[in-house]
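Here you go, one structure.
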Amino acid sequence: MKSLKLISSAIAMLICFVSMAQERTISGTVTDKSNLPLPGVQITIKGTKKYSQTDYDGNYSIQAKKGDALVFSYVGMDSQTIYVKDSNIINVVLKENNAQLQEVVVVGYGVQKKSMVTGSVSERKGKRTKIQAESNSLYTPSPTITIRGNEYVSPKNEPLYIIDGVPAKANQMAKINPNDIDNVSVLKDQAATSIYGSKASNGVVIISTKNEIYKNLTEKELDKKLKILPIPTEPTQEDYDSFVENAFESPKTAPLSTFSIDVDNASYTNIRRFLNNGQQVPKDAVRVEEMVNFFKYTYPQPKNEHPFSINTEVSDSPWNSNNKILKIGLQGKNIPTQDLPASNLVFLIDVSGSMEDMNKLPLLKQSLKILVDELRPKDKVAIVVYAGAAGMVLPPTSGDDKKTIINALDNLQAGGSTAGGAGIELAYKIAAENFIKSGNNRVILATDGDFNVGSSSNSDMEKLIEEKRKTGVFLTCLGYGMGNYKDSKMEILADKGNGNYAYIDNIQEANRFLGKEFKGSMFAIAKDVKIQIEFNPKQVQAYRLIGYENRKLRPEDFKNDAIDAGELGSNHTVTALYEIIPAGVKSDYLAEQPDNLKYTKTETNSNNYNGELATIKFRYKKPDGEKSIEMVQVIENKSVVLEKASDDMKFSSAVAWFGLKLRDSKLIANKSSEEILKLARQGNSNDGEGYKAEFIRLVEGAKQYN
């Protein structure tokens with residue numbers, strides 16, 4: 001009997017392990033019938049305690065296996081059950097539950113049938129009475145509240161919120177778990193003002209939770225229970241490097257344009273954070289190329305011995321009607337995970353006092369757990385922390401010992417000053433001691449960038465990281481937080497240290513960069529990738545590189561293998577845009593060109609190169625190589641009208657256009673948000689993760705600042 005029990009127990013454990021092995025990430029977007037995203041939708045796996053919740057943009061992800069029943073529930077909507085099949089993407093449209101919000105009304109003076117209420121109760125026949133708080137920040141600024149269909153109430157005229165009988169603020173209401181809500185109503189009548197006074201003159205939103213979990217709490221107690229942090233009004237202590245936007249240049253006086261690729265996308269997520277918080281975006285926080293490169297485009301895989309394919313397209317400029325846009329797209333080779341080299345990773349974590357906020361160290365630890373989940377047995381991780389001093393809290397540990405790594409992360413606490421330089425020294429020392437030849441050797445620095453002890457100036461940081469680059473160890477910078485965020489230091493470290501840089505504003509972004517795009521973020525397939533383009537003066541009167549201001553190189557740097565440039569990851573895409581003023585076109589953006597110059601006059605044969613717009617050259621090194629390999633390609637002088645251009649051309653141009661507008665560029669004639677939205681919608685395709693749809697909503701929301 002005892003042996004039978006042991007066999008039964010072993011079989012049960014085997015079934016459990018098989019079940020766990022079959023689990024995969026299911027993600028998607030939940031919307032209403034008007035295609036509006038629904039934040040706060042509860043997703044549960046039927047018969048289990050596992051659950052997830054949609055974010056501000058209606059996106060969710062949950063670990064489930066084939067055959068699981070996902071139950072989607074939301075206040076005022078019919079619940080929907082969908083079974084997991086073969087697809088990893090499940091998008092859901094919830095329908096209104098009119099009975100739930102129309103039959104019973106909770107008022108300040110009791111519960112009544114709607115037919116018995118003589119005052120004004122929010123109701124719109126044929127439409128769901130919508131109480132939707134839009135917020136995507138741990139700081140939870142006052143959200144936009146929609147009452148009575150789609151009529152917006154500004155903060156100055158917002159209604160009174162009552163949660164379990166306690167007056168509350170909009171940001172507090174926005175943080176309530178929808179699964180805890182029992183009843184919601186919107187009341188606007190004389191009886192309400194007689195109970196709540198003049199504060200209720202704009203109406204009352206009354207929320208009753210199950211078991212009255214917020215009853216009798218003070219405002220501070222409510223903030224603490226809902227984990228609400230104060231929102232900084234302006235990013236006065238944040239630091240961004242200033243730069244001047246690229247101007248138009250003549251191919252006669254500047255025949256070569258040379259720059260390093262940039263795979264970073266920190267600028268876009270940082271901009272997203274500002275816009276979601278209702279803050280003005282600092283101009284110097286806008287790096288247009290990082291905005292464009294946040295999104296993935298449908299370039300073909302390389303078909304030769306080189307690690308990336310080259311793709312070009314020419315179409316009309318959407319913001320200057322007489323100009324053209326040249327798009328250059330690189331597609332990195334997609335290497336199967338099992339074929340990727342072993343990783344030697346060192347997590348370098350800032351645990352100084354400035355990191356104690358919820359969107360810093362707590363979010364950082366959850367982020368790195370996502371990365372740990374991707375590790376294989378042949379990978380290893382060490383953890384170095386720094387505050388007043390630096391120290392190793394976890395020696396190199398196998399990737400299959402995830403419990404030990406996660407326990408080390410969970411034990412981290414914030415406090416002390418910030419010895420960033422000492423932390424970098426120790427992290428690189430450990431990485432070098434455990435160096436894997438032909439492997440992925442990388443330091444992953446996670447911080448708010450506020451180095452304030454020792455080597456703290458930007459020039460000191462630059463010298464330090466350039467020296468460490470010689471070890472062959474790559475660098476990934478993960479930025480966290482707001483208010484005192486030091487973007488300038490993070491950018492320098494990534495640019496000068498064979499690195500990449502991401503700003504993690506929420507757990508969804510961590511899941512994207514460290515989970516879904518793990519291979520591209522963590523495994524370089526080419527380093528020091530440089531681009532040099534020579535425009536044909538017969539076809540091009542002037543050109544300008546859009547963005548990449550901090551990545552421009554001198555013409556002579558192109559063939560100098562000692563000059564650092566950007567890295568390309570597995571399956572990564574890189575996109576660069578040039579704006580071109582064609583030959584013969586009159587333009588207000590052209591400087592007066594010198595003529596009849598004796599020594600710089602170029603003799604050309606009118607029969608040569610008429611069909612060429614430009615010649616483009618690339619140089620790159622293998623991840624463990626020191627000598628560059630060169631590629632050359634001719635760009636034909638062929639342009640298509642924007643209406644017939646690819647979706648990639650339309651969408652990337654729309655993103656660049658929005659970035660130029662945020663920077664208040666003096667080189668764009670058309671600054672219409674409606675036109676930007678129109679072009680972005682036309683180019684919105686292959687958006688399974690919903691990032692392009694999110695961009696469109698950001699542009700829509702930013703119109704109020706125009």
NZ (K429) with more than 12 external heavy atoms under 6.0 Å | no
Can R663 be said to sit on top of F243's aromatic six-ring, NZ or CZ under 6.0 Å from centre and within 45° of the ring axis?
-> yes
For the side chain of D68 and the backbone of A64, is there at least one donor-acceptor N/O pair under 3.5 Å apart?
-> no
Salt bridge (charged side-chain N to carboxylate O under 4.0 Å, His left out) filter on D687, not counting sequence neighbours, yields none
Side chains of N550 and E491: do they bring a donor and an acceptor to under 3.5 Å?
-> yes
Would you tell me whether D241 and S488 have side-chain atoms, one donor and one acceptor, within less than 3.5 Å of each other?
-> no
Is a side-chain donor-acceptor pair under 3.5 Å present for R273 with N276?
-> no
May I ask you to say whether R697 pairs ionically with E700, meaning some side-chain N is under 4.0 Å from a carboxylate O?
-> no
If we only count heavy atoms from C-beta on, is the N498 to D564 side-chain gap below 4.5 Å?
-> yes
Cut-off 3.5 Å, side chains only: do N500 and D264 have a donor facing an acceptor?
-> no
Between K486 and E238, does at least one N-O distance fall below 4.0 Å, as a salt bridge requires?
-> no
Short side-chain donor-acceptor distance under 3.5 Å, Q331 and N571 | yes
Answer with yes or no whether the side chains of N59 and T29 bring together a donor and an acceptor at under 3.5 Å.
-> yes
Pairwise side-chain contact, V385 with M392, heavy-atom cut-off 4.5 Å (strictly under) = no
Start with the C-alpha distance between N434 and N441, add both sets of side-chain angles, then the distance that settles side-chain contact (heavy atoms from CB on, under 4.5 Å), and finish with yes or no.
-> CA-CA 9 Å; N434 295 275; N441 300 280; over 6 Å; no
Answer yes or no: is there an ion pair linking K519 with E374, defined by an N-O contact shorter than 4.0 Å?
-> no
Between OH of Y428 and CG of L445, what distance do you get to the nearest 0.5 Å?
-> 8.5 Å
For K333, does the NZ atom sit with more than 12 other heavy atoms under 6.0 Å from it, leaving out its own atoms?
-> no
Exercise: do D487 and Y501 side chains pair donor with acceptor under 3.5 Å = yes
side-chain contact (heavy atoms from CB on, under 4.5 Å) between S343 and K378: does it pass, once the steps are laid out?
-> CA-CA 7 Å; S343 291; K378 66 180 180 180; over 6 Å; no
Heavy-atom neighbours of E433 CD exceed 12 at 6.0 Å = yes
Is the closest side-chain donor-acceptor distance between N407 and T404 under 3.5 Å?
-> no
Run the salt-bridge test on D262 and R287 with the 4.0 Å N-O cut-off and return the result as yes or no.
-> no
Between the side chains of K296 and N686, does any donor sit under 3.5 Å from an acceptor?
-> no
Does a side chain donor of either D505 or T269 reach within less than 3.5 Å of an acceptor in the other side chain?
-> no
Should we count CD of Q63 as having more than 12 external heavy atoms under 6.0 Å?
-> yes
Any side-chain heavy atom of V384 sitting closer than 4.5 Å to one from V393?
-> no
Using a strict cut-off of less than 4.0 Å between a Lys/Arg side-chain nitrogen and an Asp/Glu carboxylate oxygen, indicate whether D350 and K360 qualify as a salt bridge.
-> no
Is it true that F658 and F695 have ring centroids separated by less than 6.0 Å?
-> yes
Could you tell me whether the side chain of I424 reaches within less than 4.5 Å of the side chain of L348, counting heavy atoms only?
-> yes
With the side chain counted from C-beta on, respond yes when K365 and I406 share a heavy-atom pair under 4.5 Å apart, and no when they do not.
-> no
Can you find a pair of side-chain heavy atoms, one from V263 and one from N293, that are under 4.5 Å apart?
-> no
Determine whether N511 and K516 make a side-chain contact, defined as any pair of heavy atoms from C-beta on separated by less than 4.5 Å.
-> yes
D180 and T209: side chain donor to acceptor below 3.5 Å = no
